[in-house]
Amino acid sequence: MIIAANLKTNLTREKTLHYLQEVEHFLEQNSISQEVLVFPAISNLNAHDGQLIVGTQNAYPAFNGAFTGEIGYEQLEEFGIKTILIGHSERRHILGETQESLVAKFDFYKNLGFKIVYCVGEPLGVRESGHEKMMAYIAAQYEGIDTSYENLIIAYEPVWAIGTGLTPTLEEIDAIHKELKAKSHAPLLYGGSVKVTNAKEVMALENVDGILVGSAALYAQHFCTMCMYAQELDK
């Protein structure tokens, strides 16, 4: 099982340090053997020595250069960061990242051996247009991506469920994960209003390999509880 926390643009540098320390202590004290990833705000990245893996929410596909407002490999290397989140819906829909730009980013960090968590998912309008159109929309997000990359993790996040409290039914989650698993043998996480009250049920589904948690992960205690659930399931 893989449990990942996307902290987005939240917490200060000091609060993030305390968060990581609390989660790390919990993993050690409870002998958690599952893979745990945390993606802090970029300003809060730092070297971390421990079981949990710290990754970056974004990076430009370059070592360094004239890319105002971006972070490159040189800055990530300073902190020993070798994990990146690519394709999150907020970057696709709010910041306008195109599939072409995501492929360039994917290829650059793949060539550097990064662990890549690659996000796919559909907005509500697409979902309501019917299953065939929805799956075609998601399939387009796989175009140009090396789905056989050994350090790839895919996260399915229905855009309409992120931060809304709405979630597909367990049957719907399992069914779409089953279809998406036919596209890649990479571990497949579910994201979209995952919280303490539903995390265990979601992770127990046959075709779910873990979770990517947003706002519910801002509370270290809640995220630690989800890590414990994953340990108890121990697929």
Side-chain angles (χ1 to χ4, degrees), residues 1-8 34-40 42 45 52-62 70-73 76 81-123 126-127 134-163 168 173 176-194 202-203 207-214 217:
M1 296 294 289
I2 300 168
I3 312 94
N6 178 14
L7 304 183
K8 306 187 181 185
Q34 312 307 309
E35 186 171 358
V36 179
L37 314 175
V38 177
F39 296 91
I42 286 178
L45 291 177
L52 72 81
I53 298 169
V54 173
T56 180
Q57 297 174 16
N58 178 52
Y60 198 81
E70 291 284 349
I71 186 171
Y73 176 65
L76 299 177
I81 304 294
K82 294 287 288 183
T83 301
I84 185 170
L85 188 67
I86 295 177
H88 192 278
S89 63
E90 289 162 1
R91 296 204 59 86
R92 292 179 188 267
H93 298 289
I94 298 176
L95 298 171
E97 287 193 338
T98 64
Q99 187 65 18
E100 182 180 17
S101 67
L102 293 173
V103 169
K105 190 177 297 186
F106 186 99
D107 288 344
F108 183 85
Y109 287 98
K110 168 197 164 185
N111 290 335
L112 290 169
F114 269 56
K115 183 189 297 290
I116 298 175
V117 179
Y118 182 72
C119 300
V120 300
E122 82 287 351
V126 172
R127 185 179 185 85
M134 181 185 77
M135 293 309 298
Y137 181 93
I138 297 173
Q141 297 174 338
Y142 281 78
E143 292 179 2
I145 300 300
D146 181 3
T147 58
S148 63
Y149 177 48
E150 60 182 5
N151 283 329
L152 171 63
I153 299 168
I154 297 175
Y156 166 66
E157 294 191 304
V159 180
W160 53 273
I162 297 174
I173 294 171
I176 193 167
H177 272 238
K178 184 176 181 179
E179 288 192 61
L180 293 180
K181 276 182 169 289
K183 295 181 177 297
S184 173
H185 294 299
L188 181 59
L189 314 184
Y190 173 76
S193 290
V194 178
V202 171
M203 286 189 286
N207 295 297
V208 173
D209 301 313
I211 50 177
L212 175 59
V213 190

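Heavy atoms only: backbone and side chains are in, while hydrogens, waters and symmetry mates are out.
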Got a list of side-chain donor-acceptor pairs under 3.5 Å for residues 111-121, not counting sequence neighbours?
residue	atom	partner	partner atom	Å
Asn111	ND2	Asp107	O	3.1
Lys115	NZ	Glu35	OE2	2.9
Tyr118	OH	Arg92	NH2	3.0
Tyr118	OH	Gln99	NE2	3.1
Tyr118	OH	Gln141	O	2.3

CG of Asn6 to CD of Glu157, rounded to nearest 0.5 Å, is 7.5 Å
Under the side-chain contact (heavy atoms from CB on, under 4.5 Å) rule, what do Asp146 and Leu152 come out as? Steps first, then yes or no, please. CA-CA 9 Å; Asp146 181 3; Leu152 171 63; over 6 Å; no
Note: Tyr109 and Ile71 closest approach over all heavy atoms is OH-O, 4.4 Å
Nearest heavy-atom approach of Val194 to Val213 is O-CG1, 3.6 Å
Rounded to the nearest 0.5 Å, the OH atom of Tyr137 sits from the CD atom of Glu122 at a distance of 8.5 Å
Check your understanding: When you look at NE2 of His93, are more than 12 heavy atoms from neighbouring residues, nucleotides or ligands closer to it than 6.0 Å?
Key -> yes
- Close side-chain approach of Glu179 to Asn207, heavy-atom, < 4.5 Å: no
side-chain contact (heavy atoms from CB on, under 4.5 Å) for Ile176 and Met134? Distances and angles first, verdict last.
CA-CA 10 Å; Ile176 193 167; Met134 181 185 77; 3.6 Å; yes
For Leu7 and Ala217 the tightest heavy-atom approach is CD2-O, 3.9 Å
Sorted by chain and number, sequence neighbours left out, side chain to side chain contact (heavy atoms under 4.5 Å, CB included) with Thr98 holds for Glu100, Ser101
So CG of Leu37 and OG1 of Thr83: to nearest 0.5 Å the spacing works out to 6.5 Å
* Any side-chain heavy atom of Ser193 within less than 4.5 Å of one from Trp160? -> no
Just wondering, do Leu85 and Leu212 contact through their side chains at under 4.5 Å, heavy atoms?
yes
Here the pair of heavy atoms bringing Ala4 nearest to Leu189 is CB-CD1, 4.5 Å
Answer yes or no: is there a donor N or O on one side and an acceptor on the other, between the side chain of Gln34 and the main chain of Met1, under 3.5 Å?
yes
Q. With a 4.5 Å limit on heavy-atom distance, are the side chains of Ile145 and Ile154 in contact?
A. no
Distance col, row His88:NE2 vs Ile94:CD1, nearest 0.5 angstrom, shows 9.0 Å
Show me the donor-acceptor pairs, under 3.5 Å and distance only, between side chains in residues 53-61 and residues at least two apart or in other chains.
residue	atom	partner	partner atom	Å
Thr56	OG1	Asn58	N	3.3
Thr56	OG1	Asn58	O	2.6
Gln57	NE2	Lys8	O	3.0
Gln57	NE2	Phe39	O	3.0
Gln57	NE2	Pro40	O	2.9
Asn58	OD1	Arg91	NE	3.4
Asn58	OD1	Lys105	NZ	2.6
Asn58	ND2	Glu70	OE1	3.1

Rounded to the nearest 0.5 angstrom, the NE2-CG distance for His177 and Asp209 is 8.5 Å
d(Glu90 CD, Glu97 CD) to nearest 0.5 Å is 11.5 Å
N/O donor-acceptor pair under 3.5 Å between Ser184 side chain and Thr147 backbone: yes
Go through the steps for Met135 and Leu180 under the test side-chain contact (heavy atoms from CB on, under 4.5 Å), then give the verdict.
CA-CA 9 Å; Met135 293 309 298; Leu180 293 180; 3.9 Å; yes
Tightest non-hydrogen contact, residues Pro158 and Gly191, listed as CD-O, 3.2 Å
